[in-house]
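Reading through the structure tokens given below for one structure.
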Amino acid sequence: MKPSVTLDVQYDRWLEPTTPFNFDATFHKPDHFPSADQTWQPGCRWQTMLWQGQLLGLRFQNRGTLEQPGINLTIYAASELSEVFLDSLVKEIRFRYNLDMDMDAFNRQMLADDQSKAVMQRWLGLRPMNPGSLYEYLIIAIVLQNATVRRSVNMLQTLFDHYGTPLIFDGWTLFGWWQPEALHEVPEQALRDLKVGYRAKSMKRVSETFALQRMDEFVLRGKSADEQRKALLELYGVGPASVGYLMFDVFHRWDEIAAISPWEQKIYSRLFFNTETDQPVPVSDLMAYFTRRFAGHRMLAVHVFWEDLFWKRSHEKVEWLEALIRL
DNA sequence: CATCAGGGCCCTG
DNA sequence: CAGGGCCCTGAT
């Protein structure tokens, strides 16, 4: 474990998202597995961030409403930050948390659809949210592969314990991510000793790509979806399932719907067709259905339904779902 | 105690 | 393009 770092320099920034904005549904995703770089309470989210080599703590406080949104952002750092740095940081935060997202067309489309209207009204202003960098998401995608949720959680925690930095701010100790160089320099066996198994090789190769600056997240953002997909698939250890998540969460491709895996197929079948989970709707039918009903925003629409389900699960038992989520 | 699939992907034939 | 192998875990 690395020595912890206390972040006692603070800066405040006022953020105004576009409307409508649902703070909690955007800043907390009950379907994401818990990870030690973030925590949430209603109306407040804490998150670490590695930006331009600086380890930071972030606190987002809800100070607005659905139609008059406002967020107080407090940035915690170990030393003073320049105005230029803070400006670039805030700009990146606005991107990652989708605070400038124009939701009008999507909202109109969903509210005009009889079957989506009730869910949409419940979650108006809910946005996707990915707090991390492309590199960080790739590591998460790799620990997700071929593992139960509990194992994924354990693998990420072990990685934080060895390569992350505990950051102390606002009464919390949360882990900051490591730079790609850290894993690039480590022997593969050292990673295997952390029980990540064959994923060690993928983590090494992905870290190498970023350490040697062979992939640039910010350049990729400006490319077409086809180019992004192709570049991601070329990474060792990254296949269609991971690319699907990356395209949506990291590159904000709201229409991108990836290969639907069996467990997702079962959940979608139940959600949209109310079928028993042992009689799932064929993937091709699901895909055609999404395209017909959610054209232009397919994954975004599915995300809203998905979140609706997992919020429900967080305060009541959803029997059929429990069987599909092996912890 | 043994077996097996899991929130995939790579490699081989 | 199909199918075996991969690390480790917890469920059975």
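Bear in mind that the values here come from a model prediction, so they are computed numbers and not experimental data. Letters A, B, ... mirror the listed sequences (proteins, then strands); counts begin at 1.
Not one N or O on the side chain of A:Glu92 forms a donor-acceptor pair closer than 3.5 Å with the backbone of A:Leu89.
Within 4.0 Å (heavy atoms only), A:Phe33 reaches no atom of the nucleic acid at all. Within 4.0 Å (heavy atoms only), A:Pro240 reaches sugar-phosphate atoms of the nucleic acid but no base atom. Residue contacts for A:Ile260: at a heavy-atom cut-off of 4.0 Å it reaches no nucleic acid atom on any strand shown.
Listed nucleotides C:dC6, C:dT9, B:dG7 differ in distance to A:Trp263; the shortest reach to its side chain belongs to B:dG7. Comparing atom distances between the A:Val149 side chain and each of B:dG7, C:dC8, B:dG6 picks out B:dG7 as nearest. Residue A:Gln145 places its side chain closer to B:dC9 than to any other of B:dC11, B:dC9, C:dC6. In this structure, the nucleotide among C:dC8, B:dG7, B:dC11 sitting nearest to the side chain of A:Thr148 is B:dG7. Out of C:dG10, B:dC10, B:dG6, the shortest distance to the side chain of A:Arg150 is found at C:dG10.
Surrounding CD of A:Glu80 are at most 12 heavy atoms belonging to other residues, nucleotides or ligands under 6.0 Å away.
A:Glu188 places its CD atom 14 Å from the P atom of C:dC6, with the value rounded to the nearest Å. In this structure, CG of A:Asn146 is placed 6 Å from P of B:dG8, rounded to the nearest angstrom. Atom CG of A:Leu138 and atom P of B:dG8 are 16 Å apart (whole Å).
One can find a donor-acceptor pair under 3.5 Å joining the base of C:dC7 and the side-chain atoms of A:Arg151.
When each of A:Trp51, A:Phe160, A:Tyr163, A:Phe210 is paired with A:Trp177, the ring pair (Phe, Tyr, Trp, His ring centres under 6.0 Å) condition holds for A:Phe160 and for no other.
For the pair A:Arg127 and A:Phe106, the cation-pi test (distance below 6.0 Å, angle within 45°) is failed.
Searching all strands for a Watson-Crick or G-U wobble partner of C:dC7 with both distances below 3.5 Å returns nothing.
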Would you sort out whether A:Asp12 and A:Thr74 count as a side-chain hydrogen bond (donor to acceptor under 3.5 Å, both in side chains), showing the intermediate values?
-> CA-CA 5 Å; A:Asp12 280 292; A:Thr74 307; 2.7 Å; yes
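An OP1 or OP2 oxygen of B:dC9 is reached within less than 4.0 angstrom by a side-chain nitrogen or oxygen of A:Ser242. Contact check, A:Arg192 against C:dC7: a side-chain N or O comes under 4.0 Å of OP1 or OP2.
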